[in-house]
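These notes concern the structure reproduced below.
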Amino acid sequence: MTRRTSLRSALPLLAAVAATSMLAACGSSSSTMVEGAVAGQTVATGSFSGRNDHIVTGSVSIIRDGSDHFVVLADDFSLDGAPDPKIGFGTSGAYDDATTFTALRNKTGAQTYAVPAGIDPTQYNEVYIWCEQFAVALGVAPI
């Protein structure tokens, strides 16, 4: 019984340490993927369609939590494959390569990525899955 009580009392501390580690990772240039759900305000949503003979489907949301923004790919997200898929933003059919901010970690399923502070996703009306190696859009979601 004592062991369970100790574990229960340690859970809030463990959660705080995990949250701090996650926030540090979000600010790091080595990884922008965030584990778990992000609380905040949904500022835009959209659905992907494929480009350049690629199949990209599923929903995407832009979430604002304080001054931080996140790209959230929903459970239904799917990419048929590409050698170097990245996430970025564009406006009215024009990709802005200065917004390429992270590699896509998985070709399917729910994923959350922190947007670097220097990029304001509210200034764009599209989320891109972009193949950096061949400089082509794989999928675009109007938001």
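Residues Ala137 and Asn52 share a closest heavy-atom pair of O-ND2, 2.8 Å. Annotation for Thr99 and Ile119: closest pair O-CD1, 3.5 Å, computed over non-hydrogen atoms. Of all the heavy atoms in Pro85 and Leu138, the pair that sits closest is CB-CD1, 4.0 Å. Of all heavy-atom pairs between Ser47 and Ser59, the closest is OG-OG, 4.2 Å. Pro83 approaches Phe134 most closely through the heavy-atom pair CG-CE1, 3.6 Å.
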Quiz item: Would Tyr113 and Arg105 satisfy side-chain contact (heavy atoms from CB on, under 4.5 Å), going step by step from the backbone distance to the final call?
Solution: CA-CA 10 Å; Tyr113 299 89; Arg105 300 280 185 182; 3.4 Å; yes

Quiz item: Checking side-chain contact (heavy atoms from CB on, under 4.5 Å) for the pair Ile87/Leu104: CA distance, chi angles, key distance, verdict?
Solution: CA-CA 7 Å; Ile87 300 174; Leu104 189 67; 4.1 Å; yes

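Within the structure, side-chain hydrogen bond (donor to acceptor under 3.5 Å, both in side chains) pairs that include any residue of residues 131-143 comprise Lys86-Glu132 (at least two apart or interchain). For residues 44-69, the ring pair (Phe, Tyr, Trp, His ring centres under 6.0 Å) pairs, not counting sequence neighbours, are Phe48-Phe77.
No single ILVMFWY cluster, assembled from side-chain heavy atoms under 4.5 Å apart, contains both Tyr128 and Phe70. The hydrophobic cluster containing Val56 also contains Val60, counting ILVMFWY residues as joined when their side-chain heavy atoms lie under 4.5 angstrom apart, directly or transitively. In this structure, Trp130 is not a member of the same hydrophobic cluster as Ile143, with clusters built from ILVMFWY side-chain heavy atoms closer than 4.5 Å. Hydrophobic clustering (side-chain heavy atoms under 4.5 Å, transitive across Ile, Leu, Val, Met, Phe, Trp, Tyr) keeps Val140 apart from Leu73.
In terms of the side-chain hydrogen bond (donor to acceptor under 3.5 Å, both in side chains) criterion, Thr45 has no residue partners (sequence neighbours excluded). Under the side-chain hydrogen bond (donor to acceptor under 3.5 Å, both in side chains) criterion, Thr108 pairs with no residue, sequence neighbours left out. Asp97 is linked by a side-chain hydrogen bond (donor to acceptor under 3.5 Å, both in side chains) to nothing, counting only residues two or more places apart in sequence or in another chain. Judged as a ring-ring contact (aromatic ring centres under 6.0 Å, His included), and not counting sequence neighbours, the contacts of Tyr124 are Phe89.
Considering only heavy atoms from C-beta on, Val71 comes within 4.5 Å of Ile62 through its side chain. In this structure, the side chains of Ile55 and Ser78 stay at 4.5 Å or more apart for every pair of heavy atoms.
Not a single donor-acceptor pair under 3.5 Å links the side chain of Asp76 to the backbone N or O of Thr57. No donor-acceptor pair closer than 3.5 Å links the side chain of Tyr95 to the backbone N or O of Ala135.
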